[in-house]
Every structure is written in structure tokens, then in C-alpha cells.
There are 2 protein chains.
Amino acid sequence: MTTARTPTRNRGNRRAEILDAAARLFAARGFHGVSIEDIGAAVGVSGPALYRHFAGKEALLAEMLLDVSSRLRESAAAVVTSATAPAASSAETLDALLDAQITFALEQPALITVHDRELGNVPEPHRRRIRRLQRLYVEEWVTVLAELHPGCPAARLRAATHAVFGLLNSTPHSAGELPARDMRPLLRAMARAAVDAAVNAR
Amino acid sequence: MTTARTPTRNRGNRRAEILDAAARLFAARGFHGVSIEDIGAAVGVSGPALYRHFAGKEALLAEMLLDVSSRLRESAAAVVTSATAPAASSAETLDALLDAQITFALEQPALITVHDRELGNVPEPHRRRIRRLQRLYVEEWVTVLAELHPGCPAARLRAATHAVFGLLNSTPHSAGELPARDMRPLLRAMARAAVDAAVNAR
DNA sequence: TCGAGATGTTAGTCATCGTTAACGTAACCG
DNA sequence: CGGTTACGTTAACGATGACTAACATCTCGA
């Protein structure tokens, strides 16, 4: 519990440390169920110290969600654009998208949880930007799925995408059931099968 | 918007009306993001009137979750026991479980949402009972899945069950994307495929 | 008719919470 | 050195919110 390490402590890490602790707390008890004092205590400082790093509680949440949604979106964009150069099959691109999302869900369950629960608590300037990024991320998936099965209406593909996210983001609920080593292939297999079933019309 | 109908108004309905409104509000803004005043306003009375019907805010939540989890559990028990009499295949039993859960998710999205987010806010006497019912519900599924593929370890089946719940409960997120008429078969197909993929070892 | 019970209302309480203010201190830089 | 910057502290302030108290009203059964 001795927090100090060097006289000049963890310099830029405080912000990240706070964001990390806040994510876990928000995921566990919800945005309004966590106080500024709680977050401070989780990183070893107390209360109003957070205002040295963030403009306020909502700003903290906004930055957190903005970071998550842009990271997701960027990872998807990277996968898709890098795949267009060679004649990569849409199926392979989809697998890459799946793997990226699975990695994120397994490594950052708290962030994933907060990301799809707490958007409503972000004030309006940033709210729109986050929604936009989320929409772009979904559309990335929809585009790939559309190539996989051109006849399928976009609404159905969107619904299927959300369903797959629901499946993959269930990770926090089954925490501890299965080690990540087994969880990853299980989720991959289930998600792939679900996507195929959705895309192959009935 | 004229709320009165007969002089002797909706007698026993007030409680149900309150629970319904509270479920929607909790789903949208989280337990701590909703005030007693908000819930009262949603049913046309104001504030402390709720204490004529519930002991408090937490008691209201407890009753809501207890009701949901026992209804789910009962529906699953009914499906399973009614299926054992004839030589119903496990696959058919699983389909019945799936359909029941899909119906619930499509008809009561708010309840489903609150059910897997807000357990942490239920005080301890009831918390245990709700957890117990949830566990029994999951075990009902696991039992059926185990018959479907005896070699599969129970932990894997449990994880798969949670993943399927995640898929089916994604309904609130894709609200409006697709009409329920199309949503139901889509969810059914995706869930069935996901279950098969999970159970057939790799 | 009248008293009881069920169901509201408004006004107040007490705790909690987000945020600001005022103040320390240690490192760095001229 | 001396002063700025970065980062903390504790003490308030104001708002909100859960819950209680005191007080109507309406329906109904004896």
C-alpha cells in the first residue's frame, strides 16, 4: 500500500488510472451509483482531487466513452481497409472483425459494459459524437455482412449485428465460468454460427 | 389523458402500474438515475404516494426482480417437465426454452434489461433469493444442453447459455430496427445456430 | 350516518453528492 | 534562490433525493 515509488511519481498515468478505476465502478454500480469520493478512494486520493484531471463527473464519463467508441471504430476501419487491398474474402474480414471485438470484450469487460449502458448520461456536446462513432462501427459490420449476402435487407443485418454484440458482450456475466483461453474459441464459434444463420435468409 | 374511468378506480392495478413505469425508467436511466418523484409522475401521482404501495425504492426493485426471475424460472420448469412425459427430444425442449425467452425479451424489454443490470441494488434478504432463481433458470438450460451433447463440460454449457441470453436480450438495443414479426425468427435462427456451435465440440 | 380504510396531497427532515474555495507542498526552471 | 506548475488536502455550499408527518378525501360496510 505504499503508493510512492519515485519522488516524481507516475506522471501522466493518473488520468488513465482514474479512468480505469471509474470504469470498473461504473460497470459494477452504474454511473449514478458511484460518487466522486468513491472513484478517488479507488486510486488512493480522496474526493475533489479528481478535478485536477477532469472537468467533472460527466466529462470523465464522456472521455471514457469517446475513447472506447473511437478505439472500436478505428480497429474495425483498420481491419476493413487492410483487407481490401488483396482479394481477401468477406468471410475472412468478418473473422477479423469478430476477433477484434472478442479481444476487446475479454480484456476490457468493464469498458464494454459501460459503453452500452451509460451513453444516456453523457451531456449533449459529446453524446452526438459518441453515437456517431458507434453508428460507424455498426455500419462497418453491416457493410461486410452485406458483401457476404447481397440479398439481405440492411435492417436485418443491423439487427443481427446488435445481436452478435450482445452475445460477445455477455462476457462480464459469465466471468469466472470459463478461462479466457476457452472462452475465446467458444465465443468465436457461436458468433460465427449466429452470423451465418442470420445472413442466410430463411 | 383523462386518467379516471370509474369513481372506484383501477383498484389493485396501481401497484402493477407503478412497477411497469418504474421498470421502463430504471431500464432507461438506471436505478440511481430515477427518483421516487419521477416514478410517481410517470403514473400520474406525485412523489411520496408510492409509499402507500411499497416500503421503499429498494423494496420496489426487489419485488420487480423477484417477479421476473420467478416467472422466467417457472416458464422454464413448465417447459421441461411437460416435455419429459412423452419422448420429446431434447432439441424440441430447447426450442421451447428458446421461444419462451424470446417472447419475454420481445414483450418485456425493460424488465429484461433491469433484470440483468440492477441485482446489485437489491438489499440482502431478497438478493439471495433472486440469485437462486436465476441460477435455477440457467441450470434448467444447462440440463437440456447436457442431454443434447453429453460430453460437454458443464462450465462450457453455462458460458454458452449466458452468451445466448446476451444475444436474445440485445433486443432493447436494436429496438425499431426490425419489427417484432421479423425479429422473432431472426433471433430464433441465430440462437439455435449459436447453441449448436457451442455444443458440438471443436 | 358514520367511522374506518385506502389512497392522495404538501411541507419538512436529514443525508448524500457534485462542485468550488482556500490552502499546503514538492519538484522544476530561470 | 524565488516563483511557477502540478497535485493534493480539508472545509464549505447548494441541490437533490429518500423518506416521514400531518392532513384531506373518497368509498364502503355496519
Side-chain angles (χ1 to χ4, degrees), chain A residues 1-22 25-26 28-64 114 118 120-126, chain B residues 1-22 25-26 28-64 114 118 120-126:
Chain A
M1 283 307 161
T2 54
T3 49
R5 191 142 226 180
T6 74
T8 309
R9 272 251 302 282
N10 351 320
R11 274 310 204 93
N13 299 52
R14 245 322 190 259
R15 282 178 63 87
E17 206 179 343
I18 291 170
L19 283 168
D20 191 67
L25 289 170
F26 289 163
R29 311 211 290 266
F31 181 72
H32 294 290
V34 177
S35 72
I36 289 287
E37 183 69 33
D38 291 334
I39 303 174
V43 300
V45 305
S46 215
L50 302 197
Y51 289 86
R52 299 293 169 190
H53 303 274
F54 298 92
K57 202 186 173 190
E58 289 181 334
L60 195 160
L61 178 67
E63 177 164 335
M64 191 166 111
V114 175
E118 306 291 6
N121 292 310
V122 177
E124 232 337 327
H126 302 78
Chain B
M1 284 306 162
T2 54
T3 49
R5 192 140 225 181
T6 74
T8 310
R9 271 254 300 283
N10 352 320
R11 273 311 205 94
N13 298 51
R14 243 331 188 257
R15 282 176 63 88
E17 206 178 345
I18 291 170
L19 284 168
D20 190 67
L25 288 171
F26 289 163
R29 312 210 290 264
F31 181 71
H32 294 290
V34 178
S35 72
I36 289 287
E37 183 68 34
D38 291 334
I39 303 174
V43 300
V45 305
S46 215
L50 302 196
Y51 289 87
R52 300 293 169 190
H53 303 274
F54 298 93
K57 203 185 169 191
E58 289 181 333
L60 194 161
L61 179 67
E63 178 164 333
M64 191 166 111
V114 175
E118 306 292 5
N121 292 310
V122 177
E124 234 334 329
H126 302 79

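Numbered from 1 within each chain, the chains take letters A, B, ... in sequence-line order. From a predicted model like this one, the values you see are computed outputs, not experimental measurements.
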How long is the line joining CZ of Phe54(A) and P of dA6(D), in whole Å?
16 Å
Nucleotide dT10(D), atom C1' - distance to OH of Tyr51(A) in whole Å
15 Å
Between Ser35(A) and Ile18(B), which is nearer to the 5' end of DNA chain C once each is assigned its nearest nucleotide?
Ile18(B)
Expressed in angstrom and rounded to an integer, what is the separation of Leu25(A) atom CG from dC17(C) atom P?
13 Å
Measure the distance from CZ on Phe26(A) to C1' on dG18(C) and round it to the nearest whole Å.
12 Å
How close or far is atom C1' of dA6(D) from atom CZ of Arg15(A), stated in whole angstroms?
14 Å
Arg14(B) side chain near dA6(C) phosphate (N/O to OP1/OP2, under 4.0 Å):
no
Could you pick out which residue, Gly47(A) or Ser46(B), lies toward the 5' side of DNA chain C when each is mapped onto its nearest nucleotide?
Ser46(B)
Proximity to the side chain of Lys57(B) - top-ranked nucleotide from dT9(C), dC19(D), dT19(C)
dC19(D)
I'd like to know if the side chain of Asp20(B) and the backbone of Glu17(B) have a donor-acceptor N/O pair within less than 3.5 Å.
no
Output the rounded distance in Å from CD1 (Ile36(B)) to P (dT9(C)).
13 Å
Reported CG-to-CZ distance for the pair Leu19(A) and Arg15(A), which is rounded to 0.5 angstrom:
6.5 Å
Glu118(B) side chain vs Phe31(B) backbone, donor-acceptor pair below 3.5 Å:
yes
Leu60(B) versus Phe26(B): any side-chain heavy-atom pair under 4.5 Å?
yes
Remember a base hit wins even if backbone is also touched, and classify Gly56(B) as base, sugar-phosphate or nothing at under 4.0 Å, heavy atoms.
sugar-phosphate
Where the side chain of Val45(A) is defined as all heavy atoms beyond and including C-beta, which of dA18(D), dG8(D), dG18(C) is the nearest nucleotide?
dG8(D)
The answer to which of Arg52(B) and Ala49(A) contacts DNA chain D further toward the 5' end, by nearest nucleotide, is Ala49(A)
What is the distance, to the nearest angstrom, from the CG atom on Leu50(B) to the P atom on dA21(D)?
17 Å
Is it the case that over 12 heavy atoms from other parts of the model lie below 6.0 angstrom from the NE2 atom of His126(B)?
no
Separation of atom CD in Glu17(B) from atom C1' in dG8(C), rounded to whole Å
14 Å
Can you tell me if the side-chain N/O atoms of His53(A) get under 4.0 Å from OP1 or OP2 in dG8(D)?
yes
